[in-house]
Amino acid sequence: MYNDTRESSRTASHTHRRWVLSVLAAAMAVAISAPAAAEAEFTPIFDGESLDGWIGMEEVWRVEDGHIIGETTDEEPLEQNTFLIWDEGEADDFELRFRYRIDTPWANSGVQVRSVHEGDYVVAGPQPDIATDDWITGIHYEERGRGIMARRGERTVVSEDGEMETERFADEDELGEHIHDDDWNEYRVVAQGDTITTIINGETMNEVVDHSPEARRSGIIAFQLHTGDPMKIRFADVELKRLPLEDKRKVVFVAGEPSHGYGNHAHRAGCILLADLLNENTDDVLATVYTGGWPADPTAFDNADAVVLFSNGGPGHMILPHMDEFEEVMERGVGLGALHFAVEVPPGDAGDRFVQWIGGYFETHWSVNPFWTAEIDEIPEHEVTEGVEPFEMYDEWYYHMRFSEHTDNLQPIFSDLPPEETLDREDGPHSNNPHVREAVLEREEPQHVMWLYERSEMPGRGFGMTGGHYHWNWGHPSLRTAVLNAIVWIAGAEVPEGGVPTPVLTMEDFEVNLDYDVPDDFDRDEWKQRIEEWQADHP
């Protein structure tokens with residue numbers, strides 16, 4: 001929060017042109033109110049009773065009378081600005097609303113949006129401001145960044161090269177008259193695309209349109225307490241509404257809990273890797289990741305165009321307690337992808353729904369999960385196979401899925417006839433059964449280990465990919481390109497010609513965000529060499 005109250009800052013902070021544009025103000029008001037009316041209801045992200053879902057310094061944050069209280073004292077002054085962070089997810093395009101009241105003669109606060117937690121409850125990023133200083137409340141300030149971006153009554157446009165141009169649409173003092181010094185105020189922040197708008201008590205205070213590389217399209221929400229004199233501020237009725245992305249497709253990755261040891265079933269690391277590749281190498285996809293199992297964020301899927309699950313499966317699948325609520329997500333036409341163990345759910349209701357949603361699933365006593373080298377010799381012609389070449393790979397390739405009867409809606413992507421030794425194990429729920437022996441050993445039917453599905457009974461698309469046991473296998477360009485293309489496809493975006501481009505990745509790129517320590521018997525050099533060879537063959 002900006003803390004310089006010198007009168008000269010009124011003119012020194014901006015050198016851009018300012019003039020009153022009443023037409024602009026009216027246009028902005030329409031732009032803010034129109035999309036909000038068309039969206040779903042707001043969702044509370046503060047329960048009014050506890051700080052569940054929020055993290056911050058316990059010494060200065062508490063809940064009292066149904067309000068979030070932030071309070072500092074002379075006895076324990078802050079050494080640096082500190083923040084109460086909503087810890088259940090990041091917000092991209094949204095409307096946030098809350099009420100606030102200042103209980104002390106002096107206060108300096110604000111709300112962070114699309115920001116980043118730098119550790120120790122220190123946050124950097126855009127901050128619509130709150131303070132007792134009469135000119136500060138309602139300005140747009142970038143904490144630990146570019147400083148004041150817009151004062152009350154200003155619209156600032158930041159170009160791609162970082163140059164700011166500001167124009168005035170209303171008088172800042174007149175807007176200040178709508179702010180209550182000793183009473184509750186309703187605060188709204190709307191973030192849509194490159195634009196963040198601040199609204200207090202129904203009055204548009206400013207608008208910042210940021211096209212620069214420094215702008216973030218997604219980030220955390222947090223409330224601030226500033227260093228300085230003792231202060232006390234209250235926040236209440238904190239609610240969030242996610243807005244559909246107008247210029248991108250939204251992909252939500254859900255990573256299951258740690259499992260299977262170092263580099264195996266690396267749900268968190270794999271999801272972060274794939275999401276980063278999409279965000280860095282596509283223009284029309286925005287990906288976000290929830291880790292540790294099913295999202296606590298009640299708004300997680302509200303503006304999603306696709307969801308990708310990478311987790312343990314079977315009777316412990318993270319989706320099972322949420323099937324009915326997720327059915328509503330699927331009915332909206334949201335795409336769904338499932339990686340490796342996440343393709344397995346129990347037969348019956350869960351299995352039937354997966355057949356509807358992604359076209360197939362791993363069914364116990366029907367499907368099997370051996371380790372083997374799949375030789376993907378033929379690549380079908382499809383936009384998802386753009387940039388994908390034949391390859392072979394050793395992995396835990398599940399096969400003999402229970403597929404939909406709507407075969408015209410199903411498009412196999414990776415297929416191979418497994419070798420006989422994959423069926424050497426005794427019969428069991430995952431190991432072997434008469435049905436798979438007939439299909440593979442007698443009828444010699446190629447088995448599909450990655451497939452696409454155009455839903456037949458509801459809108460939307462799905463895909464499944466049964467490999468992915470080894471995290472290092474994402475080092476193969478054909479595998480990761482096919483999966484990235486499939487994610488773009490189920491989100492309803494256009495797959496780029498040649499597939500989603502990705503840079504050459506090194507072993508170091510795969511050694512981050514893993515959940516386990518490196519075991520003594522891990523052969524790093526072998527995997528490093530394999531990744532380098534894969535990429536040399538497929539630049």
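One-based numbering along the sequence shown.
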Show the nearest heavy-atom pair for residues [X] and [Y], with the distance to one decimal.
X: Leu452; Y: Ala486; result: CD2-CB, 4.1 Å
X: Asp305; Y: Ala491; result: CB-O, 3.6 Å
X: Ser212; Y: Gly162; result: CB-CA, 4.2 Å
X: Ala300; Y: Val252; result: O-CG2, 3.6 Å
X: Ser415; Y: Ile376; result: O-CD1, 3.8 Å

Within a strict 4.5 Å, meaning less than it, do heavy atoms of the [X] and [Y] side chains meet?
X: Thr288; Y: Lys250; result: yes
X: Leu479; Y: Pro477; result: no
X: Tyr453; Y: Trp357; result: no
X: His211; Y: Val209; result: yes
X: Asp297; Y: Arg242; result: yes
X: Leu277; Y: Trp474; result: no
X: Phe463; Y: Ile487; result: yes
X: Leu243; Y: Lys241; result: yes

Would you find more than 12 non-hydrogen atoms of other residues, nucleotides or ligands less than 6.0 Å from [X] atom [atom1]?
X: Glu494; atom1: CD; result: no
X: Asp283; atom1: CG; result: no
X: Glu378; atom1: CD; result: no

(request) Check each of Asn279, Asp92, Asp247 against Arg217 using the side-chain hydrogen bond (donor to acceptor under 3.5 Å, both in side chains) test, and report the only one that passes. (result) Asp247
Would you confirm whether the ring centroid of [Y] sits within less than 6.0 angstrom of the ring centroid of [X]?
X: Phe391; Y: Phe414; result: yes
X: Phe83; Y: His117; result: no
X: Phe510; Y: Trp527; result: no
X: Trp472; Y: Tyr262; result: yes
X: Phe301; Y: Phe326; result: yes

(message) Among residues at least two apart in sequence or on other chains, which ones pass salt bridge (charged side-chain N to carboxylate O under 4.0 Å, His left out) with Glu383?
(response) none
(message) Using the salt bridge (charged side-chain N to carboxylate O under 4.0 Å, His left out) criterion, which residues pair with Glu58? Sequence neighbours excluded.
(response) none
(message) Pro347: which residues meet the side chain to side chain contact (heavy atoms under 4.5 Å, CB included) condition with it, sequence neighbours left out?
(response) Tyr361, Glu363, Thr364
(request) Not counting sequence neighbours, which residues clear side chain to side chain contact (heavy atoms under 4.5 Å, CB included) with Glu497? List them please. (result) Glu386
(request) Start with the C-alpha distance between Tyr470 and Asn264, add both sets of side-chain angles, then the distance that settles side-chain contact (heavy atoms from CB on, under 4.5 Å), and finish with yes or no. (result) CA-CA 5 Å; Tyr470 297 116; Asn264 304 323; 3.4 Å; yes
With under 30° as parallel and over 60° as perpendicular, where do the rings of [X] and [Y] fit, or are they tilted in between?
X: Trp489; Y: His382; result: perpendicular
X: Trp366; Y: His435; result: tilted
X: Trp451; Y: Phe403; result: perpendicular

(request) List the steps and the verdict of side-chain contact (heavy atoms from CB on, under 4.5 Å) for Leu96 and Ile45. (result) CA-CA 10 Å; Leu96 174 71; Ile45 58 174; 4.2 Å; yes
Does a salt bridge link [X] with [Y], judged by any charged N lying under 4.0 Å from a carboxylate O?
X: Glu214; Y: Arg114; value: no
X: Arg530; Y: Asp523; value: no
X: Lys528; Y: Glu532; value: yes
X: Arg353; Y: Asp324; value: yes

(request) Mind checking side-chain hydrogen bond (donor to acceptor under 3.5 Å, both in side chains) for Arg97 and listing every partner two or more places apart, or none if nothing turns up? (result) Glu239
(request) Any chance you could measure Ile531, atom CD1, to Glu526, atom CD, to the nearest 0.5 Å? (result) 11.0 Å
Show every donor-acceptor pair shorter than 3.5 Å between a side-chain atom in residues 307-315 and any protein atom, with sequence neighbours excluded, or say none if there are none.
residue	atom	partner	partner atom	Å
Asn312	OD1	Ser259	OG	3.0
Asn312	OD1	His265	ND1	3.4
Asn312	ND2	Ser259	OG	3.1

(request) List the steps and the verdict of side-chain contact (heavy atoms from CB on, under 4.5 Å) for His340 and Glu396. (result) CA-CA 8 Å; His340 199 49; Glu396 186 183 23; 3.1 Å; yes
(request) Using ring-ring contact (aromatic ring centres under 6.0 Å, His included) as the criterion, point out the one residue from Phe42, Trp86, Phe223 that pairs with Phe98. (result) Phe223
(request) Verify the distance criterion only: is there a donor paired with an acceptor across the side chains of Asn409 and Glu454 at less than 3.5 Å? (result) no
(request) Check the pair His469 / Trp397 against side-chain contact (heavy atoms from CB on, under 4.5 Å), numbers first and verdict last. (result) CA-CA 8 Å; His469 178 91; Trp397 294 103; over 6 Å; no
